[in-house]
Amino acid sequence: MRSRNLTEVLLTGMVGKERAAAIAGDLLELAYRRGRIWYYVACAKTVFAFTWRLPTALLVACMGFILVQLLGWALYPLVRPVWLKHPYVTETLERAACDLVFLIVFAVIRYGARDRFFRLSVAASVIAGLAFVGLRMSVPVTVLAALGLLGLVGLLVSTQWRGATVALGLAVAIGILMDLNFGNLAHLYCWVYEHKPLNATSHYRYFELGYAFPHTVFLIVTWTIFVLDALTLSVACSRLHRFLLSPPDDVELA
Amino acid sequence: MKADLSLGGFEQVVLLAALRLADKAYGVAILEEIALHVGRAPSPGALYTTLHRMEEKGLITYVDGEPTPERGGRAKRFVVVTYKGRTALASVQAAYESLSKGLDLSSLLTFALQERGADA
């Protein structure tokens, strides 16, 4: 059995086993004429060309997510009465909006601005953002929800947009399930430090600086879970994009 | 025909090179064909990411070849331009041709060279 070199191993995760082997073979073939140094430089440049988008997208998306969380906290007084009345609806909406921001930034760097997944994420985040800000006004929100549902049906009927819609829906659902915000960490914090469940009405005092954050353990756990959640969401987004938005195998050759 | 202007300049170069090579279009051959006609070889990374993107767009597909010893026992993968790829390329080339009709491109080049000479 032939041995796999480092370039091939690194590229396999990005382009699949057969393609990685073909690229490594091409570089090896060229190395006979161009020399060993050229070969190592070309391997490094090829691996970088395929891989730079993923960590960059992840990093910038994490920063975007943190910024939108801060914005959410700033807007909290505005929606506080509705939030206390319907905590689960508003919290789910907020999580969806935050996940969408993460996905927008991730998708635009990874797939470009022409990508359907990205364009759909932008539209969905505008709707979710408007719904979040206008929670107190029931009529506009109801109209917005009705329009959103109609749009969703239209997208699912369309053959061009169905894949992107399903991919985005699943990615957001995974994001919500992964709880890509600090909400449940406050619950965890309460169990660890106070040995009692969190009271929903006092939920947000746990995020205040000077209360939760001086505890190193909480800080480490918070950021570790956040990074793991972000990694999971980025992998989910990549996989869903590959399976649902890639062209079909039976491409027309004639 | 409506031109597919989402097809980038380098994508067109790669598609043209693959079409010229017909059933011999694999990574190394495409790099050499581009170098021969453009005068400068692109980096392998640029070529492979472009091929990857074009496959995702459905413009090309691959056919596996046989493994060879100089490739460390790895098989070549030959690029096949799909119907969609050929249509996209033809439409964008036709648009360029239509736009450049009536323009004297050789005099434009002479003028540009004169201007560069004057600047220097």
Side-chain angles (χ1 to χ4, degrees), chain A residues 1-5 7-8 10-11 14-34 38-53 110-117 163 238 241-254, chain B residues 4-8 10-11 18-19 22-32 34-35 41-88:
Chain A
M1 204 177 118
R2 93 182 153 72
S3 62
R4 297 169 72 201
N5 62 23
T7 309
E8 199 176 333
L10 291 172
L11 287 176
M14 303 302 294
V15 294
K17 207 172 167 183
E18 288 81 14
R19 180 84 54 76
I23 293 172
D26 283 354
L27 294 175
L28 211 57
E29 194 180 324
L30 283 165
Y32 279 105
R33 278 172 273 167
R34 301 190 185 183
W38 177 90
Y39 173 72
Y40 289 122
V41 172
C43 284
K45 281 166 79 176
T46 305
V47 169
F48 180 76
F50 273 105
T51 52
W52 73 269
R53 279 178 186 266
R110 186 103 160 80
Y111 306 111
R114 285 178 173 276
D115 181 69
R116 287 203 177 92
F117 185 92
S238 304
H241 196 281
R242 184 183 284 188
F243 288 122
L244 292 165
L245 276 89
S246 296
D249 291 334
D250 53 338
V251 281
E252 210 175 341
L253 295 173
Chain B
D4 180 7
L5 293 176
S6 67
L7 204 60
F10 189 56
E11 287 177 336
L19 286 170
D23 59 348
K24 294 181 187 69
Y26 74 106
V28 176
I30 294 173
L31 281 170
E32 286 171 350
I34 293 171
S43 76
L47 175 70
Y48 296 122
T49 47
T50 303
L51 287 172
H52 185 63
R53 191 170 58 245
M54 289 201 294
E55 192 196 14
E56 284 184 340
K57 287 183 186 175
L59 303 175
I60 59 159
T61 186
Y62 289 95
V63 173
D64 287 331
E66 292 296 315
T68 56
E70 70 268 21
R71 299 169 58 83
R74 295 168 181 88
K76 290 176 183 172
R77 294 200 94 199
F78 293 102
V79 173
V80 180
V81 182
T82 61
Y83 174 74
K84 190 180 171 186
R86 288 181 221 181
T87 314

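Quantities reported herein were computed from a predicted structural model and do not represent experimental measurements. In what follows, every chain begins at residue 1, and chains take the letters A, B, ... in the order their sequences are listed.
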**Message:** Between P67(B), G85(B), P44(B), A46(B), who has the most heavy-atom pairs with chain A when the cutoff is under 4.5 Å?
**Reply:** P44(B)
**Prompt:** If you count heavy-atom pairs under 4.5 Å between each of L28(A), T46(A), D26(A) and chain B, which one has the most?
**Reply:** D26(A)
**Message:** Quick test of your reading: applying ring pair (Phe, Tyr, Trp, His ring centres under 6.0 Å), list the pairs with at least one residue in residues 48-71 of chain B, sequence neighbours left out, ordered by first then second residue.
**Reply:** F50(A)-H52(B)
**Request:** Can you tell which part of L31(B) gets under 4.5 Å to a heavy atom of chain A, answering side chain, backbone, both or neither?
**Result:** side chain
**Prompt:** In terms of side-chain geometry, is the basic nitrogen of R53(B) or E11(B) positioned less than 4.0 Å from the acidic oxygen of its partner?
**Reply:** yes
**Asked** Less than 4.0 Å between a side-chain N and a carboxylate O, is that true for R33(A) and E32(B)?
**Response** yes
**Interatomic spacing from CD1 in I23(A) to OG1 in T7(A) - rounded to 0.5 Å** = 10.0 Å
**Prompt:** Which bit of A24(A) is near chain B, if near means a heavy-atom gap under 4.5 Å: side chain, backbone, both or neither?
**Reply:** both
